[in-house]
Structures are given as structure tokens and as C-alpha cells.
Amino acid sequence: MHDWNALLTAATGRVARLIDEVDLTAPVPACPEWCVADLVEHLGSVHQWARHAVVEGTPEGRPEDAPADLSELAAWYAGHAGDLVETLATTDPAASAWTFGRGVGTAGWWARRQTHEALMHSYDMLSAVGREEEWQPDPAVAWDGVREVQDTFYLRQVKMARTEPLAGTLVLEATDVPGGADPVRIGDGEPHVHLRGTARELLLLLWHRATTDDPAAAPLLAEAITP
């Protein structure tokens, strides 16, 4: 079982360090309308919203805007990320919280969700400055990110009519998870389309940070999550 609070601390800490390392005005390839500073503002705002969902139990949080002065952005992000980390570290993971997942929401759900949020956006920050190969998440954590698409995001997209149910089933198989891992299946239609790769590769494909030459898989990947 993953220690999500420790992983969240590490992931947000990496983002905070990157703010001081990368060009905040560089465009983000996966989010073409954003520069890195916009991405950091988004992530810090999501952290605030998640903390409100845990503390107040509603989705109606109103995040504080990021400072216009980019020299103040690192402190703004670190403060809000730290507030989230502290709140989750001092809250029972089983405590009730508002979430957009299935079933009863818990604080622990948010620790997992915000870890993956920070991890993926740290990739975006690195890719903006040509350093994406530095993004090497633990395969087991990356594979859990793949599972999160299956158990949360794909189902939510379909429920909210953001995408139609897949015209087929993606069967994803990781080649690098220690001890092996059962395939992840997204969708329940025919045909079944198999993709094998590292957990990192498959996670980037699902989140539209990479592409595949497989003509059968490409349309299913495009619809599994709507950007």
C-alpha cells in the first residue's frame, strides 16, 4: 500500500523546486494556452480546492489568486501546497470528505488524487524546458495513476457526457511494475486493444502527453480522457 501523504509531500516539493529552476514564461506543450506560471497557478488553486473539500466537505472552495509578480509565485505555491500536506497528514484518511470519485469520499482519496495531480504537472513543467526525461516516477506509483484513470476519470467523463463510452476496450499491461501487475481494462466494448509498455509510458499516453503509432489504440486513447 502506498504512503500517499509521503508521496504527496515529495511530489509537491518537487514542483516547488522546479518553480525556481525553470523558465516560468515557457509554453507548456500539453496545455498550449498556458505558460509554466499559469500551470503553477492552476496546481496551487487545485490544492486549495482539495483542502477545502477535506476541511469543509464541499466543492465550493474559492482559491486565492496567484500573485502577478512571478518572483512571489514559488512562495505562494509552497504555502498552499504545505497547507494541503499538513491538513491531510493530520486528518484520518478514512475521514469523510467531498470527492468526485465513486462511493463515499474520504480524505485519503484526496491524498492519492493530489499526488497524481502534482506528479503529472511536474512532467509538464519539465517538458516545457526540454527536461522531460528527468521525469521517472516509481513504476508502482505510475501504474496506480493508470488505475486511477480506470477507476475514477474514465467513469466520470462518461457520467458527465464529456465522452462517449469507448467503442472497444483498452487493455493496458505494464512491463516494469515490481512483482507484476494485473492488466488495467478501460471500457467494456469490442474489440479489445492491447498496449504494453512501462507504467510511465502508459500513463503519459492516457493523459495525452505522448502518442502511439498503433492505429487501433490511438482513437481509444483519444477518448478515454477528454483534455
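Small disclaimer: the values here were computed from a predicted structure and weren't measured.
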Set of salt bridge (charged side-chain N to carboxylate O under 4.0 Å, His left out) partners for R209, sequence neighbours left out: D124
Inter- and intrachain pairs under salt bridge (Lys or Arg N to Asp or Glu O under 4.0 Å), touching residues 3-14, at least two apart: R14-E134
With sequence neighbours excluded, residues passing salt bridge (charged side-chain N to carboxylate O under 4.0 Å, His left out) with R112: D144, D151
Set of side-chain contact (heavy atoms from CB on, under 4.5 Å) partners for D182, sequence neighbours left out: none
D138: side-chain contact (heavy atoms from CB on, under 4.5 Å) partners, not counting sequence neighbours: A140, V141
Qualifying residues under side chain to side chain donor-acceptor pair (under 3.5 Å), relative to Y123, sequence neighbours excluded: none
Listed partners of H192 passing ring pair (Phe, Tyr, Trp, His ring centres under 6.0 Å), at least two apart: none
With E201 via salt bridge (charged side-chain N to carboxylate O under 4.0 Å, His left out) - residues at least two apart: none
Contact list for residues 19-29, test salt bridge (Lys or Arg N to Asp or Glu O under 4.0 Å), sequence neighbours left out: E21-R131
Side chain to side chain donor-acceptor pair (under 3.5 Å) partners of residues 26-41, not counting sequence neighbours, each pair once: none
Residue pairs, two or more places apart or on separate chains, that pass salt bridge (Lys or Arg N to Asp or Glu O under 4.0 Å) and touch residues 63-92: none
Joint cluster assignment, V46 & V149, ILVMFWY side-chain distance < 4.5 Å: no
Set of side-chain contact (heavy atoms from CB on, under 4.5 Å) partners for T106, sequence neighbours left out: W109
T115, L203, L43 screened by side-chain contact (heavy atoms from CB on, under 4.5 Å) with M120, the one that passes: L203
